[in-house]
K.L.:
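Just passing along the structure, written as structure tokens.
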Amino acid sequence: MQLLDGKTLSKKIEIIVADEVKNFKKATNSVPGLAVVLVGQDPASAAYVNMKKKACDRVGFYSVTHEMPEDISQETIENTISMMNDNPSIDGILIQLPLPSQIDETKILELVAPSKDVDGFHPFNVGRLTTGLDGFVPCTPLGVMELFKEYNIDIKGKNCVVVGASNIVGKPMASLLLNADATVEICHIHTDNLKKHTLDADILLVGVGVINLITEDMIKSDAIVIDIGINRADNGKLVGDVDFANVSEKCSYITPVPGGVGPMTIAMLLRNTLKAAKAHAKERV
Ligand code: NAD
């Protein structure tokens, strides 16, 4: 079994992005800018935002976080987004999800200018992804594809089973795999007999949020296992959705949690923001 080491690859990508930021600065006299909207006090969301901010600092981006109280109104968030859409120092806008229940999340995500939608959640970019056109792709599944590239894992024609069908993980993951000529199956909470499906997988990708959902008897020998889940175990440690100790004995490749897909997500956010900045700079000349 070989580990798919997202921690090391993300550092390599950060070095490349930091270098490109230096060139960008020389050429445009500006740096890429990322704005984050963080609503409420959820510690996990605050921790993710903090990690993203630190990554921006490391590569030389400008970044700003708009922290808002849990009882914020729809109108205030919308006004903030409109302001960021119009601000030329901001190339990427990220709305940290989930938003509180009084907020219409779809409306908020639809308000982000597609050219600043570095999370790839706007229907414009979702449509471009499903039709195989260039656009912004959600960072987590994009990071998984980057791991495949780094380890020369050929996806074409492989049976890929994606467990989890959310708009931010499972569905875009499936689209990317399909665009790369894999045979793709998507499973979710209503899937009957999950094991029957997972046993078919050459490549199993799991983003659900349930500790030990995937056990060793659910994978075939030498499968490639991508664990996207992030869960806090009773002992306080971060774990994925896969029973790592036993599954890692049977598979050919596996992503660890932490240190697998998580750091790749942040690296892809940096890359998407740089891509947005380059496109905006081109528009300005
Ligand atoms: P979500 O709650 O929006 O979606 C969960 C999906 O899993 C749904 O499609 C649901 O139908 C499915 N599901 C739930 N229980 C299931 C079961 N028992 N069997 C099969 N399918 C089941 O969650 P999300 O936002 O997509 O996140 C999923 C996981 O990925 C979470 O653990 C989250 O923390 C993690 N995540 C990790 C990263 C990263 O950077 N590594 C990024 C985003 C999310």
Side-chain angles (χ1 to χ4, degrees), residues 3-7 9-10 13-14 36 38 42-55 94-99 101 105-106 109 118-121 126 136-148 160-177 184-201 204-215 217-219 225-233 237-244 254-272:
L3 281 182
L4 298 170
D5 180 355
K7 199 172 166 189
L9 178 55
S10 65
I13 293 169
E14 267 193 20
V36 179
L38 173 63
D42 176 51
S45 291
Y48 290 137
V49 168
N50 192 32
M51 281 194 280
K52 289 165 187 172
K53 188 187 168 355
K54 281 187 177 159
L94 187 154
I95 316 292
Q96 186 65 40
L97 301 177
L99 293 171
S101 55
E105 194 170 289
T106 308
L109 295 179
V118 288
D119 253 342
F121 295 163
V126 176
F136 288 106
V137 175
C139 302
T140 300
L142 191 59
V144 172
M145 298 305 281
E146 206 56 37
L147 278 169
F148 290 145
C160 294
V161 177
V162 180
V163 187
S166 69
N167 288 339
I168 66 173
V169 178
K171 285 184 201 164
M173 187 74 255
S175 294
L176 282 169
L177 293 164
V184 185
E185 201 181 331
I186 311 177
C187 303
H188 45 77
I189 185 94
H190 302 294
T191 298
D192 188 33
N193 194 353
L194 182 62
K195 181 176 169 177
K196 181 171 89 96
H197 300 272
T198 58
L199 274 173
D200 255 354
L204 177 64
L205 307 102
V206 193
V208 169
V210 175
I211 296 176
N212 287 339
L213 179 71
I214 303 298
T215 45
D217 57 314
M218 295 172 78
I219 69 156
V225 180
I226 307 295
D227 192 351
I228 302 170
I230 301 179
N231 310 290
R232 184 74 65 183
K237 286 192 172 161
L238 282 186
V239 295
D241 293 342
V242 175
D243 172 9
F244 183 88
I254 189 166
T255 53
V257 179
V261 178
M264 291 305 297
T265 298
I266 294 181
M268 292 303 102
L269 174 67
L270 298 176
R271 233 169 51 181
N272 278 353

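Fair warning: this is a prediction, and the values are worked out from it, not measured in the lab. Remember, it's 1-based here, ligands and their atoms both numbered in the order they're listed.
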K.L.:
Around atom 40 (O) of ligand 1, find the nearest protein heavy atom and jot down its residue, atom name and distance.
P.N.:
T265 OG1, 2.7 Å
K.L.:
What protein heavy atom sits nearest atom 18 (N) of ligand 1, and how far off is it?
P.N.:
L213 CD1, 3.7 Å
K.L.:
Could you check if a side-chain atom of K237 sits within less than 4.5 angstrom of a side-chain atom of R232, using non-hydrogen atoms only?
P.N.:
no
K.L.:
Could you tell me whether some N/O pair between Y48 and ligand 1 is separated by less than 3.5 angstrom?
P.N.:
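Between Y48 and ligand 1, no N or O pair is found under 3.5 Å apart.
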K.L.:
I need the atoms of ligand 1 closer than 4.0 Å to a non-hydrogen atom of A165, numbered in the order shown.
P.N.:
6 (C), 8 (C), 9 (O)
K.L.:
Which heavy-atom pair separates V184 from A174 by the least distance, and what is that distance?
P.N.:
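Reported closest heavy-atom pair: CG1-CB, 3.8 Å.
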K.L.:
Within the 4.5 Å heavy-atom criterion, are D243 and I214 side-chain neighbours or not?
P.N.:
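D243 vs I214: side chains apart.
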K.L.:
Tell me the protein heavy atom at minimum distance from atom 43 (C) of ligand 1, and give that distance in Å.
P.N.:
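Answer for atom 43 (C) of ligand 1: V169 CG2, 3.8 Å.
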K.L.:
Counting C-beta onward and ignoring hydrogens, is there a side-chain heavy-atom pair between L199 and I219 closer than 4.5 Å?
P.N.:
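Not in contact.
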K.L.:
For atom 33 (C) of ligand 1, what's the nearest protein heavy-atom neighbour? Residue, atom name and distance, please.
P.N.:
I230 N, 4.1 Å
K.L.:
Please confirm whether T191 approaches ligand 1 to less than 4.0 Å, judged on its heavy atoms.
P.N.:
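Flag not set, T191 not near ligand 1.
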K.L.:
Picking from V169, I228, I226, L177, what satisfies side chain to side chain contact (heavy atoms under 4.5 Å, CB included) with V162?
P.N.:
L177
K.L.:
For ligand 1, find out whether one of its N or O atoms is nearer than 3.5 Å to an N or O atom of L194.
P.N.:
no
K.L.:
To which protein heavy atom is atom 25 (O) of ligand 1 closest, and what is the distance rounded to 0.1 Å?
P.N.:
I168 CD1, 3.5 Å
K.L.:
I would like to know whether F121 and I168 meet side chain to side chain contact (heavy atoms under 4.5 Å, CB included); could you show each step before the answer?
P.N.:
CA-CA 7 Å; F121 295 163; I168 66 173; 3.2 Å; yes
K.L.:
Atoms of ligand 1 less than 4.0 Å from G209 heavy atoms?
P.N.:
29 (C), 31 (C), 32 (O)
K.L.:
Let's go through I254 and L3 carefully: what are the C-alpha distance in whole Å and the side-chain angles of both, what is the deciding distance for side chain to side chain contact (heavy atoms under 4.5 Å, CB included) to 0.1 Å, and is it a yes or a no?
P.N.:
CA-CA 5 Å; I254 189 166; L3 281 182; 3.9 Å; yes
K.L.:
Show, in sequence, the C-alpha distance, side-chain angles and deciding distance for C139 and I266, and conclude whether the side chain to side chain contact (heavy atoms under 4.5 Å, CB included) test is met.
P.N.:
CA-CA 7 Å; C139 302; I266 294 181; over 6 Å; no
K.L.:
Could you tell me whether some N/O pair between S166 and ligand 1 is separated by less than 3.5 angstrom?
P.N.:
yes
K.L.:
Looking at ligand 1, is there an atom of it that comes within less than 4.0 Å of some heavy atom belonging to C187?
P.N.:
no
K.L.:
Among protein heavy atoms, which lies nearest atom 11 (O) of ligand 1, and at what distance?
P.N.:
I189 N, 3.0 Å
K.L.:
Heavy atoms only: give me the nearest L38-S45 pair and the separation to one decimal.
P.N.:
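L38 and S45 have their closest heavy atoms at CD1-CB, 3.8 Å.
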K.L.:
Should G170 be listed as contacting ligand 1, given a heavy-atom distance under 4.0 Å as the test?
P.N.:
no
K.L.:
Do M264 and K7 have side chains that get closer than 4.5 Å, going by heavy atoms?
P.N.:
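Not touching, per the 4.5 Å side-chain cut-off.
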K.L.:
Protein heavy atom under 4.0 angstrom of atom 7 (O) of ligand 1, is there one?
P.N.:
yes
K.L.:
Could you pull out, from I266, N167, I228, the option with a heavy atom nearest to atom 35 (C) of ligand 1?
P.N.:
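Shortest heavy-atom distance from atom 35 (C) of ligand 1: I228.
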K.L.:
How far is atom 13 (N) of ligand 1 from the closest protein heavy atom, and which atom is that?
P.N.:
V208 CG1, 3.5 Å
K.L.:
Can you confirm whether more than 12 heavy atoms, excluding those of N193, are under 6.0 Å from its CG atom?
P.N.:
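It does: N193 CG has more than 12 such atoms within range.
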K.L.:
How many angstroms lie between CG in D217 and OG1 in T198, if you round to the nearest 0.5 Å?
P.N.:
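One finds 8.0 Å between CG of D217 and OG1 of T198.
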K.L.:
If you have a sec, work out which protein heavy atom is nearest atom 42 (C) of ligand 1 and how many Å separate them, to one decimal?
P.N.:
T140 OG1, 3.1 Å
K.L.:
Closer than 4.0 Å to some heavy atom of G262 - which atoms of ligand 1 meet that?
P.N.:
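The list of qualifying atoms is 40 (O), 41 (N).
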